[in-house]
Amino acid sequence: MKTAVLNLMPTKRETERHLQTLLEEAGAAPQITWLTTASYKSKNTDEEYLKAKYMTFDKIKDRRFDLFIITGAPVEHMAFEDVAYWKELTEILDFTKKNSLFNIYICWAAQAALYHFYGICKKPLPQKCFGIFEQQIKNKDSVFYKNFPPRFNMPHSRHTTLDGISNRDLAAEAAFGPEISVISNASKNALFITGHPEYDADTLHNEYMRDMREGKAINMPLNYYPQDNPQNPPPNTWRAEAVLFYKNIINRIQELKNETF
């Protein structure tokens with residue numbers, strides 16, 4: 001499966017492992033092209049590593065992909081237009097609509113794509129949405145939630161939320177409380193995911209420990225540690241459904257491939 005990933009996360013290697021492993025567990029044999037921005041240089045990843053493993057958008061402009069993923073990024077406190085690579089990102093977003101059969105936009109990238117394509121804004125939350133939250137399927141006939149239990153878990157880690165999705169071309173696929181967590185487009189060839197089904201069991205723990213070390217005001221991740229004790233290793237209560245979710249995505253990609261012949 002020809003796959004491109006624009007990796008905007010500062011923890012590049014960890015994000016690579018998350019997505020590669022999840023796609024493989026879901027039954028894909030992904031041929032991944034890893035992309036980084038040309039208009040902004042990562043401060044957290046060795047430049048030699050980026051040169052060896054990553055490409056920039058100009059190198060793949062003439063290619064087509066089965067799947068294109070854009071990750072989140074730690075810039076959600078900024079206005080979209082103030083992000084250093086915003087112009088480049090909008091060019092890539094436009095590319096995904098024409099040159100990829102299926103697109104996944106994760107966390108901040110989901111907000112960025114919804115803003116760019118549909119004019120949907122984000123707004124700050126009173127406190128960070130941080131922890132494991134039980135999701136409810138909103139679309140009972142969803143192609144992405146075949147064989148799912150009525151409720152399932154998903155990690156979230158963000159300071160902002162969507163300011164509604166009142167657009168007839170969009171549909172809520174899953175939510176928890178008032179928070180919509182998975183949105184699809186009318187053609188069912190794009191998903192906007194505000195959470196992180198790809199996370200490992202210890203990813204939120206590592207984020208929590210990092211913020212604590214840096215003296216940031218951060219609450220313990222909700223519904224995560226056994227007995228709410230950070231000394232207790234957190235179980236991965238979302239992995240089985242994350243793999244099934246991506247299996248359903250892969251099946252949808254195959255349907256789209258068949259439709260093109």
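The environment of CD in Glu214 is crowded: more than 12 heavy-atom neighbours from other residues, nucleotides or ligands sit within 6.0 Å. Remark: Asn229 CG is packed, more than 12 non-hydrogen atoms of other residues, nucleotides or ligands lying under 6.0 Å away. Residue-environment remark: NZ (Lys140) exceeds the threshold of 12 foreign heavy atoms within 6.0 Å. Residue-environment remark: NZ (Lys128) exceeds the threshold of 12 foreign heavy atoms within 6.0 Å.
The CD1 atom of Ile250 sits 5.0 Å away from atom CE of Met1, with the distance rounded to the nearest 0.5 Å.
Shown here for Pro149 and Ile137, the closest heavy-atom pair between the two residues is O-CD1, 3.5 Å.
Using a 4.5 Å cut-off on side-chain heavy atoms (C-beta onward), Asn232 and Tyr224 make no contact. Residues Thr36 and Lys53 form no side-chain contact, since every pair of their non-hydrogen atoms from C-beta on lies 4.5 Å or further apart. Contact of the Gln135 side chain with the Asn153 side chain is not registered, since no non-hydrogen atoms from C-beta on lie closer than 4.5 Å. Looking only at side-chain heavy atoms (C-beta outward), Ser157 and Cys129 stay at 4.5 Å or farther from each other. Counting heavy atoms from C-beta on, the side chains of Leu6 and Ile92 come closer than 4.5 Å. Residues Asn223 and Glu134 have side chains not in contact (no heavy-atom distance under 4.5 Å, counting atoms from C-beta outward). Proximity of Ile249 to Phe102: side-chain heavy atoms (C-beta onward) are separated by under 4.5 Å at one or more points. The shortest distance between side-chain heavy atoms of Lys247 and Asn147 does not fall below 4.5 Å.
For Phe130 and His156, the ring centers are positioned 6.0 Å apart or more. Under the 6.0 Å cut-off for aromatic ring centres, Phe95 and Phe57 qualify, their centroids lying closer than that.
A side-chain donor from one of Thr161 and Glu179 sits under 3.5 Å from a side-chain acceptor of the other. Donor-acceptor pairing under 3.5 Å is recorded for the side chains of Tyr105 and Thr96. A donor-acceptor contact under 3.5 angstrom links the side chains of Thr33 and Arg63, judged on distance only. Judged by distance alone, the side chains of Asn258 and Gln254 do bring a donor and an acceptor atom under 3.5 Å apart. In this structure, a donor-acceptor pair under 3.5 Å is present between the side chains of Asn103 and Ser100. Between the side chains of Asp58 and Thr56, at least one donor N or O sits under 3.5 Å from an acceptor N or O.
Residues Glu198 and Arg17 are not paired through a salt bridge, judged by the lack of any N-O separation under 4.0 Å between the basic side chain and the carboxylate.
The aromatic rings of Trp34 and Tyr54 lie tilted to each other, with the angle between the two planes from 30° to 60°. Using cut-offs of 30° and 60° for the angle between ring planes, the Phe65 and Phe68 rings count as perpendicular. Using cut-offs of 30° and 60° for the angle between ring planes, the Tyr225 and Tyr208 rings count as tilted.
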Show every donor-acceptor pair shorter than 3.5 Å between a side-chain atom in residues 73-82 and any protein atom, with sequence neighbours excluded, or say none if there are none.
from  : atom 1 : to     : atom 2 : distance (Å)
Glu76 : OE1    : His159 : N      : 2.9
Glu76 : OE1    : Thr160 : N      : 3.1
Glu76 : OE1    : Thr160 : OG1    : 2.7
Glu76 : OE2    : His159 : N      : 2.9
Glu81 : OE2    : Tyr115 : OH     : 2.4

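For the pairing with Tyr199, the side-chain hydrogen bond (donor to acceptor under 3.5 Å, both in side chains) check across His18, Glu207, Arg239 returns one residue only, Glu207.
Taking the ring centre of Phe176 as origin, the terminal cationic atom of Arg151 falls outside the region bounded by 6.0 Å and 45° from the ring axis. Both cation-pi conditions hold for Lys97 and Phe117: the charged atom is under 6.0 angstrom from the six-membered ring centre and inside a 45 degree cone around its axis.
Here the side chain of Glu88 pairs a donor or acceptor atom with the backbone of Ser39 at under 3.5 angstrom.
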**Request:** Give the C-alpha distance, both sets of side-chain angles, the deciding distance and a yes or no for salt bridge (charged side-chain N to carboxylate O under 4.0 Å, His left out) between Lys12 and Glu16.
**Result:** CA-CA 6 Å; Lys12 295 264 188 294; Glu16 290 166 20; over 6 Å; no

**Item:** Full working for salt bridge (charged side-chain N to carboxylate O under 4.0 Å, His left out) between Lys122 and Asp163
**Value:** CA-CA 5 Å; Lys122 60 184 172 72; Asp163 194 13; over 6 Å; no

